[in-house]
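Heads up: the structure comes next, in structure tokens.
One-based numbering along the sequence shown.
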Amino acid sequence: QVQLVESGGGLVQAGGSLRLSCAYSERTFNTLIMGWFRQASGKEREFVAAIWWSSTHYTDSVKGRFTISRDNAKNTMYLEMNSLKPEDTAAYYCAARTGLSMSRRSDEYRYWGQGTQVTVSS
């Protein structure tokens with residue numbers, strides 16, 4: 001089983017920044033397609049961003065504000081979130097999958113972290 005460990009969530013004022021981390025202990029992490037999803041209260045699960053090697057993809061609502069990255073030496077994926085808005089408030093989940101291309105479909109990701117809450121105050 002692939003275990004993903006998340007951290008970095010919290011309460012932040014609108015316009016502020018947070019960095020989420022998702023760590024995996026094995027080098028095989030580097031072969032996985034990694035992504036971030038979020039689930040706001042009363043809303044559907046939403047794709048946020050994905051990374052595979054050096055290729056990245058973002059949902060339109062976070063482009064220019066969020067940056068997904070990976071530190072291969074630490075087997076850790078990051079989501080840098082800037083200019084946060086109240087509508088970014090959600091539980092954020094780290095996810096991973098095997099495959100030949102990135103996907104924005106949550107049902108195509110096999111491994112999931114526990115989630116970390118991000119709350120942005122108005």
Side-chain angles (χ1 to χ4, degrees):
Q1 286 288 326
V2 175
Q3 186 171 358
L4 307 174
V5 181
E6 298 161 307
S7 62
L11 176 65
V12 65
Q13 188 176 3
S17 300
L18 285 173
R19 188 179 75 165
L20 306 183
S21 300
C22 175
Y24 178 60
S25 62
E26 300 295 333
R27 292 184 63 189
T28 52
F29 171 92
N30 297 327
T31 70
L32 298 175
I33 300 166
M34 306 291 298
W36 289 97
F37 292 79
R38 63 188 182 186
Q39 177 76 60
S41 179
K43 296 186 178 181
E44 297 178 342
R45 184 167 50 188
E46 177 187 23
F47 170 81
V48 178
I51 186 168
W52 189 35
W53 303 111
S54 296
S55 298
T56 60
H57 184 67
Y58 301 89
T59 191
D60 287 344
S61 63
V62 307
K63 282 186 175 180
R65 300 190 298 120
F66 291 10
T67 303
I68 188 170
S69 63
R70 181 176 60 195
D71 186 334
N72 292 334
K74 296 182 178 180
N75 289 334
T76 302
M77 179 181 65
Y78 303 98
L79 184 68
E80 181 71 33
M81 304 183 294
N82 303 122
S83 301
L84 283 163
K85 305 174 181 179
E87 51 262 45
D88 294 318
T89 296
Y92 283 72
Y93 296 90
C94 175
R97 65 184 292 266
T98 59
L100 300 177
S101 63
M102 292 188 290
S103 174
R104 60 173 60 237
R105 294 179 57 88
S106 61
D107 59 1
E108 294 185 356
Y109 286 77
R110 179 176 180 179
Y111 307 104
W112 293 85
Q114 79 286 353
T116 184
Q117 180 67 36
V118 172
T119 301
V120 184
S121 62
S122 301

Heavy-atom pair with the smallest gap, counting every atom of [X] and [Y]:
{"X": "Glu108", "Y": "Ser103", "value": "OE1-OG, 2.6 Å"}
{"X": "Leu4", "Y": "Gln114", "value": "O-OE1, 3.7 Å"}
{"X": "Thr76", "Y": "Ala23", "value": "OG1-CB, 3.9 Å"}
{"X": "Tyr58", "Y": "Thr67", "value": "OH-CA, 3.3 Å"}
{"X": "Ser122", "Y": "Pro86", "value": "OG-CG, 3.7 Å"}

Salt-bridge contact Lys63-Asp60 (side-chain N to carboxylate O under 4.0 Å): yes
Short side-chain to backbone donor-acceptor contact, Glu46 and Arg38, under 3.5 Å: no
Student check: side-chain heavy atoms of [X] and [Y] closer than 4.5 Å:
{"X": "Ile51", "Y": "Met77", "result": "yes"}
{"X": "Leu32", "Y": "Thr98", "result": "yes"}
{"X": "Trp36", "Y": "Glu6", "result": "yes"}

Between atom [atom1] of [X] and atom [atom2] of [Y], what is the distance when rounded to the nearest 0.5 Å?
{"X": "Thr89", "Y": "Leu84", "atom1": "OG1", "atom2": "CG", "answer": "8.5 Å"}
{"X": "Tyr78", "Y": "Cys94", "atom1": "OH", "atom2": "SG", "answer": "12.0 Å"}
{"X": "Glu44", "Y": "Ser106", "atom1": "CD", "atom2": "OG", "answer": "9.5 Å"}
{"X": "Leu20", "Y": "Phe66", "atom1": "CG", "atom2": "CZ", "answer": "8.0 Å"}
{"X": "Asn82", "Y": "Leu18", "atom1": "CG", "atom2": "CG", "answer": "9.5 Å"}
{"X": "Met34", "Y": "Ile68", "atom1": "CE", "atom2": "CD1", "answer": "8.0 Å"}

Derivation and outcome, side chain to side chain contact (heavy atoms under 4.5 Å, CB included), residues Asp88 and Met81: CA-CA 9 Å; Asp88 294 318; Met81 304 183 294; over 6 Å; no
Test: Arg97 cationic atom under 6.0 Å from Tyr109 six-membered ring centre, within 45° of axis: yes
Aromatic plane relationship, Tyr93 with Trp112 - under 30° parallel, 30 to 60° tilted, over 60° perpendicular: perpendicular
Option passing salt bridge (Lys or Arg N to Asp or Glu O under 4.0 Å) with Asp107 (candidates Arg110, Arg104, Arg105): Arg105
